[in-house]
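Below you'll find the structure, written out as structure tokens, and then a few comments.
In listed order, ligands and their atoms are each counted from 1.
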Amino acid sequence: MIVDFIAGLFGGAAGVLVGHPFDTVKVHLQTDDPKNPKYKGTIHCLKTILLLDNIRGLYRGISSPMMGIGLVNAIVFGVYGNVQRLSDNPNSLMSHFWAGATAGVAQGFICSPMELAKTRLQLSKQIDSQHKFKGPIDCLLYIHRTEGFKGTFKGLTATILRDIPGFASYFVSYEYLMQLKDKPNVPYILMAGGCAGMSSWLACYPIDVVKTHLQADALGKHALYNGFVDCAVKNYEKEGIPFFFRGLNSTLLRAFPMNAACFFVVAWILEFCKKNGIDMIRHSKQSLNIVNLENWSQASVQNELGTDDELVRKIISENELELRESTHEIVNRKLLDYYPSDQVYESNIQSAQLKVKNSSDQS
Ligand SMILES: NC(=[NH2+])NCCC[C@H](N)C(=O)O
């Protein structure tokens, strides 16, 4: 669990660093005035921000996602992993779908205030001239003072509505792509992560546009919209379908490198922990050798008492399993599944441990 948290934390941070400038462009485009647009498109928007505000303009508001992303990613990867493992058929895409959807709901409670602060900081130059925010916490405190507790959770429903399809498609597409390859290399993992990010935004983009508008709304003296549907309907009447796809290009442009970086760092940390025998949690099919250990335990069940030396060595050399403490622990845990009765379990554990020790001494 702790490894998942750390992997999520660093993966998220890497993703934010790579993706934030694109996010700023996205928010600027989403909230541009359609009748009198400041920006002609993604590149023009990027250039304009750079000219007016330098590189700082692109990194405005980064502190909020940076601070919140550890928590959000811990929730996302923690909930996702646990729900997925609980399911009847953990390797099916359906289980990734439900685990992702549940993770989407869970992270919404942190993600929503975080994105509220981010949105208002990103737009602070344009809209709120009286109050200068020092940072995300200052921004949230200001919202709390002026709009109450409810104000800090503005856009929560929209965030959850967005992130159910968002995270379901995120994990399904990543797992799907990873399951296509036996031994994915670095470019492949980057590609899978990038595609997962893009498909996740394609699955929920219109909801994100409405969410951004709701969260940017209370900046003026009077709120323009009184809810999600109201916001969607009013803007649809004004602009039609294109409203729901404002800023999509920059979102997709950002999603690829950001999620490539995120998934890669997560996979790298999990791999590192695996190599160093640090306790880990199943992340994707190829990140663990549990499947192989299952064969091992199954074989030992067939052999009644303990494992077959020959077989143990074969499996170990086939899978290049490193014989460390953690391997023993995993074997122990796995055997427990197969030997529910204490007595049988005890004797088999001892026997299996002996075999592992012997073959590790020999190799
Ligand atoms: N719609 C979503 N929230 N999808 C999940 C993607 C999360 C990822 N951190 C990103 O911002 O690209």
Side-chain angles (χ1 to χ4, degrees), residues 4-5 7-27 30 61-62 64-80 96-119 122 155-177 190-212 214-215 244-267:
D4 260 0
F5 180 87
L9 183 100
F10 282 101
V16 170
L17 209 61
V18 174
H20 192 74
F22 299 99
D23 189 69
T24 303
V25 172
K26 179 194 96 169
V27 170
Q30 282 182 336
I62 193 175
S64 179
M66 264 300 182
M67 277 166 59
I69 215 77
L71 200 50
V72 167
N73 270 263
I75 299 169
V76 166
F77 283 96
V79 173
Y80 162 74
H96 293 289
F97 178 93
W98 287 115
T102 314
V105 175
Q107 57 83 57
F109 296 89
I110 302 295
C111 183
S112 173
M114 182 183 97
E115 290 194 356
L116 178 66
K118 177 189 69 99
T119 304
Q122 283 173 321
L156 175 67
T157 315
T159 304
I160 290 176
L161 275 177
R162 175 197 74 181
D163 287 340
I164 290 175
F167 280 104
S169 53
Y170 190 56
F171 286 111
V172 166
S173 50
Y174 180 74
E175 280 298 324
Y176 175 76
L177 289 170
L190 288 172
M191 186 279 296
C195 290
M198 287 172 85
S199 77
S200 117
W201 284 108
L202 283 171
C204 66
Y205 198 73
I207 310 177
D208 184 62
V209 179
V210 178
K211 190 221 67 155
T212 302
L214 281 177
Q215 291 191 323
F244 297 103
F245 293 95
R246 274 211 222 164
L248 178 61
N249 287 349
S250 57
T251 303
L252 295 180
L253 214 64
R254 157 189 172 271
F256 193 93
M258 173 183 197
N259 292 291
C262 178
F263 270 111
F264 179 75
V265 170
V266 168

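Each of the following atoms of ligand 1 lies closer than 4.0 Å to a heavy atom of Cys204: 1 (N). Those atoms of ligand 1 that come under 4.0 Å of a heavy atom in Ser200, given as number and element, are 1 (N), 2 (C), 4 (N), 5 (C), 6 (C). Numbered from 1 in the order shown, with element, the atoms of ligand 1 that lie under 4.0 Å from a heavy atom of Asp163 read 1 (N), 2 (C), 3 (N).
Defined by atom type and a distance below 3.5 Å, a donor-acceptor pair is present between the side-chain atoms of Asn259 and Tyr170. Between the side chains of Lys26 and Gln30, no donor-acceptor pair of N or O atoms lies under 3.5 Å.
Closest to atom 8 (C) of ligand 1, if we only count protein heavy atoms, is Asn259 OD1, 3.4 Å.
Contacts between Asp208 and ligand 1, counted as non-hydrogen atom pairs separated by less than 4.0 Å, are absent for every part of the residue.
Of all non-hydrogen atoms in Asn73 and Leu9, the two that sit nearest each other are CB-N, 4.3 Å. For Ser112 against Gly155, the heavy-atom pair with the smallest separation is OG-C, 3.6 Å.
Within a 6.0 Å radius of CZ in Phe244, other residues, nucleotides and ligands contribute more than 12 heavy atoms.
Between Phe97 and Tyr176, the gap from one ring centroid to the other reaches at least 6.0 Å.
Between Arg254 and ligand 1, at least one N/O pair is under 3.5 Å apart.
Selection from Phe22, Phe263, Trp201, Phe256 by nearest heavy atom to atom 12 (O) of ligand 1 gives Trp201.
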